[in-house]
Amino acid sequence: MPKYYEDKEEDGRACAGVREDFKACLLQHDCVVKEGKKPSECLKEGHCKGLQVAFFECKRSMLDTRSRFRGRKGD
């Protein structure tokens, strides 16, 4: 679930919002917290898949020449 709040640090990088949500999802998932696994291991198991795909689509849209007209996804 996206987190929108006022006291959030500014990140000027592309896809910063999706990146932050993806990172929070991984670090707060039971796979990492309770089982003590690395976030990369939890990704391979398929956790936070929706945010992973959204982050990938946002990064890919930066390379798409048509995004000049449409704007970046997820921003």
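The shown structure was predicted, so the numbers you read here are calculated from the model rather than taken from an experiment.
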Show the atom names and distances, to 0.1 Å, of all donor-acceptor pairs under 3.5 Å that link a side chain in residues 43-52 to residues at least two apart or in another chain.
unit_1, atom_1, unit_2, atom_2, d
Glu45, OE1, His47, NE2, 3.2
Glu45, OE2, Lys37, NZ, 2.5
His47, ND1, His29, NE2, 3.3

Q. How long is the span from the CZ atom in Arg19 to the SG atom in Cys58, to the nearest 0.5 Å?
A. 8.5 Å
Q | Minimum heavy-atom distance between Ala54 and Val18, given as atom pair plus value | A | C-CG1, 3.9 Å
Q. Which heavy atom in Val33 sits nearest to a heavy atom in Leu27, and how many Å separate them?
A. CG2-O, 3.5 Å
Q) Considering residues at least two apart in sequence or located in another chain, which fulfil the side-chain hydrogen bond (donor to acceptor under 3.5 Å, both in side chains) criterion with Glu41? A) none
Q: Kindly compute the distance separating CD (Glu57) from SG (Cys15), expressed to the nearest 0.5 Å.
A: 10.5 Å
**Q.** Heavy-atom closest pair, residues Pro39 and Leu26
**A.** O-CD2, 4.1 Å
